[in-house]
Engineer: 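After the structure tokens below, expect a handful of questions from me.
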Amino acid sequence: MASTPTPPQAPPKPTWDPRRPQAPVPWLRPTIRIRLTLLYGGMFLIAGILLLSIIYLLAAQAISSGNQPLFKIVSFQELKISSDNCPAINAMSDTSSVPLQDFNDAISRCVDAQRHAALDNLLSRSLLALLGLAVIAFAFGYAMAGRVLSPLGRITRTARQVAGSDLSRRIELDGPDDELKELADTFDDMLERLQRAFTAQQRFVGNASHELRTPLAINRTLLEVHLSDPQAPVELQQLGKTLLATNERSEQLVEGLLLLARSDNQIVERKPVDLAEVAGQAIDQVHAEAEAKGVEIRGERGPAVVQGNGVLLERIALNLVQNAVRYNVPEEGWVEVSTEVRHGQAVLTVTNTGPVVPAYEIDNLFEPFRRLRTERTGSDKGVGLGLSIARSVARAHGGHITAQPREGGGLVMRVTLPV
């Protein structure tokens, strides 16, 4: 008796969470300015401690040479003595009953106590002075390090502006012809070459867009006119349909290449785009194909608004959903599409049933014209640029896309974008 096939189980709840963005603490970063400040201040502090130790030792040696009193009393009769700094002398105010040796020893002890008090006073005041000078030295070192490293800050700000697709920015550093000016001039030369290359690429993309689209559009028109002739032979009708399909595939390839070339750059004009709406539009476009293949599309799509280009973001969702539908199991397959916001990041997740994907093949899926276990582009499932375009568009929006093999077959694709 044949066993009834077990229906596919619902996908496990994802355990992946995007990392919570952590704001850097400026005072804790090991910047060059902080390191130079610590170096300058530390060297001054070490030199001050050594100087203080030498002064203390010399002072102690000088004072110890006069440890014994300069005189001794050899005789006194009815001598009255008082001292504000030596209580032991005050206790011997009646010198007639005090042995002379004990009196001289008391004077020696008083002199020794005064010596220690003077050294302690010298040490405490020197430490306070050293502490104050160390604070001044650290502040001065921090200010000087900032002044010396200000050209690096200028280079960094220019590099950030260039990273935002503003290749027209230049450092144009003035000052002495030192290593920093040489670095700035080299960076300016590099930006000049990058701008020329980027301009040439834009010109090439524009020319390729015109030169490649026009003949393909003409071919498509001619083939459609030929196919509209009811008196054409059956063989020519079949040949025309084959050529039309080939021409359509070439148009898709050209559009994909042009989109891939454009999406590698940063998005300058950004508008609020809801990933839930983008995912819904992509599902609507793939709904007919999913029904034809018997693939169920489901999932919860919560609001996830990002700043970006709606057309390009829709292309990401469309490519992922199309791949999830096309590379699925023959029977009882499903695709789950969900959107949400986690830790300040918008996440689009597309999970599907399908063939088992080895983990070592994941990186190859994002390469142009690469598919699972093959490099051939002759397939009716696409031109091999979908995931490459999705990755480029995600990077252009400051996000990233990841893929993980699903237990039991299929993939879990996640697109993470900053809100």
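Just so you know, these numbers use all the heavy atoms, side chains as well, and skip hydrogens, waters and symmetry mates.
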Engineer: I'd like to know whether Leu127 forms a side chain to side chain contact (heavy atoms under 4.5 Å, CB included) with Leu131, so could you lay out the CA-CA distance, the side-chain angles of the two residues, the decisive distance to 0.1 Å, and finally the verdict.
Structural biologist: CA-CA 6 Å; Leu127 288 176; Leu131 180 61; over 6 Å; no
Engineer: For Glu192 and Arg170, run side chain to side chain contact (heavy atoms under 4.5 Å, CB included): C-alpha distance rounded to whole Å, both residues' side-chain angles, the deciding distance at 0.1 Å, then the answer.
Structural biologist: CA-CA 9 Å; Glu192 185 69 27; Arg170 297 293 183 271; 2.9 Å; yes
Engineer: Could you state the interatomic distance from CG (Leu223) to CD1 (Ile218), rounded to the nearest 0.5 Å?
Structural biologist: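 The distance works out to 12.0 Å.
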Engineer: What's the spacing between Leu365 CG and Leu411 CG if we round to 0.5 Å?
Structural biologist: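 One finds 6.5 Å between CG of Leu365 and CG of Leu411.
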Engineer: A quick test of your reading: do over 12 heavy atoms of other residues, nucleotides or ligands sit less than 6.0 Å from CZ of Phe140?
Structural biologist: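 It does not: Phe140 CZ has 12 such atoms or fewer within range.
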Engineer: Give the minimum heavy-atom separation between Ile171 and Asp188, together with the two atoms involved.
Structural biologist: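 Minimum heavy-atom contact is N-OD1, 2.8 Å.
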Engineer: Quick one: closest heavy-atom pair of Leu417 and Ala394, and the distance?
Structural biologist: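 For Leu417 versus Ala394, the nearest heavy atoms are CD2-O, 4.1 Å.
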Engineer: Does Gln322 have any side chain to side chain donor-acceptor pair (under 3.5 Å) partners at least two apart in sequence or in another chain, and if so, which?
Structural biologist: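 By the side chain to side chain donor-acceptor pair (under 3.5 Å) rule, Gln322 matches no residue at all.
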Engineer: With rounding to the nearest 0.5 angstrom, report the NZ to CG distance, Lys181 to Asp174.
Structural biologist: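 Between Lys181 NZ and Asp174 CG, I get 7.0 Å after rounding to 0.5 Å.
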Engineer: Can you confirm whether Leu194 sits close enough to Met190 that some side-chain heavy atom of one is under 4.5 Å from a side-chain heavy atom of the other?
Structural biologist: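 A side-chain contact exists here, since the closest heavy-atom pair is under 4.5 Å.
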Engineer: Which heavy-atom pair separates Ala390 from Ile401 by the least distance, and what is that distance?
Structural biologist: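 That closest heavy-atom pairing would be CB-CD1, 4.1 Å.
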Engineer: What closest approach, in Å, do Ser338 and Arg301 show between heavy atoms, and which atom pair accounts for it?
Structural biologist: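 Result for this residue pair: CA-CG, 4.1 Å.
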Engineer: Could you walk me through whether Leu191 and Gln195 satisfy the side chain to side chain contact (heavy atoms under 4.5 Å, CB included) test, starting with their C-alpha distance in whole Å, then the side-chain angles of each, then the deciding distance to 0.1 Å, before giving a yes or no?
Structural biologist: CA-CA 6 Å; Leu191 291 180; Gln195 187 178 22; over 6 Å; no
Engineer: Checking Val273 against Asn309 for the side chain to side chain contact (heavy atoms under 4.5 Å, CB included) test, could you report, in this order, the C-alpha distance in whole Å, the side-chain angles of both residues, the deciding distance, and whether it holds?
Structural biologist: CA-CA 7 Å; Val273 180; Asn309 185 290; over 6 Å; no
Engineer: If you look at every heavy atom in Leu313 and Val278, which pair is closest and at what distance?
Structural biologist: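 Reported closest heavy-atom pair: O-CG1, 3.4 Å.
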Engineer: Could you check whether any side-chain heavy atom of Thr416 comes within less than 4.5 Å of a side-chain heavy atom of Leu348, counting everything from C-beta outward?
Structural biologist: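 Answer no - side chains too far apart.
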Engineer: Taking 4.0 angstrom as the limit, do Glu296 and Arg298 come out as a salt bridge?
Structural biologist: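 Looking at Arg298 together with Glu296, the answer is yes, because their closest N to O distance falls below 4.0 Å.
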Engineer: Strictly distance-based, threshold 3.5 Å: is any side-chain N or O of Thr339 a donor or acceptor partner for the main-chain N or O of Gly302?
Structural biologist: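 Such a contact is found between Thr339 side chain and Gly302 backbone.
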Engineer: Could you state the interatomic distance from CG (Leu50) to CD1 (Ile54), rounded to the nearest 0.5 Å?
Structural biologist: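 Leu50 atom CG to Ile54 atom CD1 measures 6.5 Å (nearest 0.5 Å).
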Engineer: Looking at side-chain heavy atoms only, is the closest gap between Leu312 and His397 below 4.5 Å?
Structural biologist: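 Yes, side chains in contact.
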Engineer: Please name the pair of heavy atoms, one in Gln281 and one in Glu314, separated by the smallest distance, quoted to 0.1 Å.
Structural biologist: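 Reported closest heavy-atom pair: OE1-OE1, 3.1 Å.
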Engineer: Nearest 0.5 angstrom please: Met413 CE to Asn319 CG, how far?
Structural biologist: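 Atom-to-atom, Met413:CE and Asn319:CG are 10.0 Å apart.
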Engineer: Does some side-chain heavy atom of Gln345 sit less than 4.5 Å from a side-chain heavy atom of Pro418?
Structural biologist: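 Sidechains of Gln345 and Pro418: no contact.
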Engineer: Any chance CD of Glu182 has more than 12 other-residue heavy atoms, nucleotides or ligands included, within less than 6.0 Å?
Structural biologist: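 Open: at most 12 neighbouring heavy atoms sit under 6.0 Å from CD of Glu182.
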Engineer: Between Arg193 and Asp189, does any NZ, NE, NH1 or NH2 come within less than 4.0 Å of an OD or OE carboxylate oxygen?
Structural biologist: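 No, this pair does not count.
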Engineer: Once you round to the nearest 0.5 Å, how far does CZ of Arg125 lie from CG of Leu130?
Structural biologist: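 Between Arg125 CZ and Leu130 CG, I get 16.0 Å after rounding to 0.5 Å.
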Engineer: Are any non-hydrogen side-chain atoms of Pro405 and Ile362 less than 4.5 angstrom apart?
Structural biologist: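 With C-beta onward as the side chain, the pair touches.
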Engineer: Whether the side chain of Asn352 engages the backbone of Val325 through a donor-acceptor N/O pair (distance < 3.5 Å, no angle test) should be reported.
Structural biologist: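 No: the side chain of Asn352 does not pair with the backbone of Val325.
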Engineer: Can any side-chain N or O of Asn328 pair as donor or acceptor with the backbone N or O of Ala324 at less than 3.5 Å?
Structural biologist: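 Present.
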